[in-house]
Protein chains: 2
Amino acid sequence: MPKLGMEPIRKEALVKATIVEIGRVGSLDVTVSQIAKRAGMSSALAHHYFGSKEEMFLAAMRHIMTLYGAEVRGALSVAEGPEGRIRAILRASFSPGNFRREAVGAWLNFWVLAQTVPAARRLLAIYQGRLRSNLVSALRPLAGDRAEGIAESLGALIDGLYLREVLKSGAPDGAAAVELALRHLEAELKRGAV
Amino acid sequence: MPKLGMEPIRKEALVKATIVEIGRVGSLDVTVSQIAKRAGMSSALAHHYFGSKEEMFLAAMRHIMTLYGAEVRGALSVAEGPEGRIRAILRASFSPGNFRREAVGAWLNFWVLAQTVPAARRLLAIYQGRLRSNLVSALRPLAGDRAEGIAESLGALIDGLYLREVLKSGAPDGAAAVELALRHLEAELKRGAV
DNA sequence: TTTTTTGTTGATTGACGAGTCAATAAACTT
DNA sequence: AAGTTTATTGACTCGTCAATCAACAAAAAA
C-alpha cells in the first residue's frame, strides 16, 4: 500500500484540513483526530508528520499568509499606476476568499495565538511588514515622504475594516470596505497637498 | 460559616478571576477550577452560580464592555467642544488599561467567541453601536451630514490601531495611536471642507 | 535477499476537565 | 423547634484528547 513521497501530500492535506476545521468550529479547540479524519488519515499519522498540534497550527497559519500574499501579488501584477496598485492591494485584502468561514476563523484565531506563541507573532510581523512595504512603494509616487505615515494608517484601517465586516451580522461587503479605504486615502493625499 | 447575600460578591469575584485567567493563559482554554481557585472558592460553587463556563465568559465580556463604557463616559464628561469629545473617546479607547494583558486577552478572545456565540455577537454589536453614536454626536457639529461616514471609518481605524498596537512586539503606544487617529480625522474634515 | 527507510494504523496511556450530587452547615422563617 | 432557604465543598462520573508505541506493509538500497 504505502507509496513513497507521501510526506508533502499528507502535510498539505493536513494543513488544509486544519484550516477547514478551525473555520467550522470557530476556535482552536479542534482535535487532531477531527483534522486527521478530514484529511483522510489516522491521527497517529498526523502526529508522525507534524509532531504536535501547535506545529500544525503554525503550518496552517503560514499557508493562510502565503495565500493572501499570492492574492496580493497577483492583483499587483496587473495593476497600472500608483493608485491602481493601492486599489489592487485593497481588493485583494477584501476579496471574497478572505471572508470565507475558514479564512475568518484562521485570522481571528491566529491573532489570539500570536498573543502567546512567539513563532505566531513573528509570522504576523512578516505579513504586516510585507503589506506595509507594498503600500509604501505604491504610495511613494503619490505622497513622497509622507508615504510611510499614510501606509501605517491605511494598514490599520484595513485590519479594522476587516474585523468589522467579519463580526457584524449579515453578509460582509468587501466592495464597501474598499471604497471606504480609498476615501481615507484620498483625504490623506489632499491633506498633504496643501 | 455561610453568610447570606454572597451571590453578587461571588459572581463579581468570578468575573474578575475569569478575565485575569484569560489574560494569563491568552486563550479561552482556562478551566473552571483555575478561575474558581483564583476567586477563592471551589469549582462546584462557580458552577452553582453561573451554570456553565460559557455563562462565565459572557459575564466577563459584559464586565469588560461596562468598564470601557465607563471610561468613555468619564472622559466625555470633562471634555470641551466637539474636538475635545473626539479626543476623549480616542484617549479612552487607547488608555493604558486597555493594553493590560487581561484586557487584551479579553478583547481578542471575545472576537473569536463572537464568531460562533450569538449572545457574544450581540454584545459586540451593542458596544459598537454605542461607540458609533458617541462618535457621530461629537462629529455632527464638525462634519454635518458626513458625520456618519466619518464615524464609520474612525471606528474601524480605532479597532485596527488597537489590534496592531496589541500584536506588535514591544510596548504598545497608546498616545501614538491617538495622534494617528486625529490626523485621519483632520484629513477627513479638510476633505469635506472644500 | 537481507536490510533499511518510509508509510501507516489500532490500541493504549496518562492526564485533565466540565458538570453533578450528596452531604454539611449556617442563617432565616414560621 | 421544626422547616426552609442559601452557601459551600469533596468526591465522583463520564467523557475527551494529545501523544506514544508496537506492529505491519511496501519500496528502495545493500
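Not measured: the values here are computed from a predicted model. Convention: sequence-line order gives letters A, B, ...; per-chain numbering from 1. Side-chain atoms are counted along with the backbone in the values below, which use heavy atoms only and exclude waters and symmetry mates.
- Distances from the side chain of A:L4 to the nucleotides C:dT6, C:dC28, C:dT8 place C:dT6 closest.
- Listed for the B:Q115 side chain is a donor-acceptor partner under 3.5 Å among the backbone atoms of B:V112.
- Residue A:F50 is out of contact with every strand shown, counting any heavy-atom pair closer than 4.0 Å.
- Using a 4.0 Å cut-off, no side-chain N or O of A:R10 falls inside it from OP1 or OP2 of C:dT6.
- Among D:dT9, C:dT8, C:dG10, the nucleotide with an atom closest to any side-chain atom of A:A44 is C:dG10.
- Taking atom CG of B:L45 as the reference point, atom P of D:dT8 lies 5 Å away to the nearest angstrom.
- Taking atom CD of residue B:E7 and atom P of nucleotide D:dA7, one finds them 6 Å apart after rounding to whole Å.
- Nucleotide D:dA7 holds its C1' atom 11 Å from the CE atom of B:M41, rounded to whole Å.
- Nucleotide D:dT9 holds its C1' atom 14 Å from the CE atom of B:M6, rounded to whole Å.
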Pull out every protein N or O sitting under 3.5 Å from an N or O of nucleotides 15-18 of chain C, one pair per line with the distance.
| unit_1 | atom_1 | unit_2 | atom_2 | d |
| --- | --- | --- | --- | --- |
| C:dA18 | OP1 | B:K53 | NZ | 3.0 |
| C:dA18 | OP2 | B:V32 | N | 3.1 |

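- In the set C:dC21, C:dT9, D:dT8, the nucleotide with an atom closest to the side chain of B:H48 is D:dT8.
- In this structure, A:Y49 places its OH atom 10 Å from P of C:dT6, rounding to the nearest Å.
- Note that the CD atom of A:E179 and the CG atom of A:D173 stand 9.5 Å from one another [nearest 0.5 Å].
- Rounded to whole Å, the distance from CD1 on A:I35 to P on D:dA19 is 11 Å.
- Between B:F110 and B:F57, the ring centre distance reaches or exceeds 6.0 Å.
- In this structure, B:R183 and A:E188 have side chains that are in contact, with non-hydrogen atoms separated by less than 4.5 Å.
- For B:S93, the side chain to side chain contact (heavy atoms under 4.5 Å, CB included) partners at least two apart in sequence or on another chain are B:Y68, B:I89, B:I158.
- Here A:Y127 and A:W107 bring their ring centres to under 6.0 angstrom of each other.
- Contact of the A:V15 side chain with the A:F50 side chain is registered, since non-hydrogen atoms from C-beta on lie closer than 4.5 Å.
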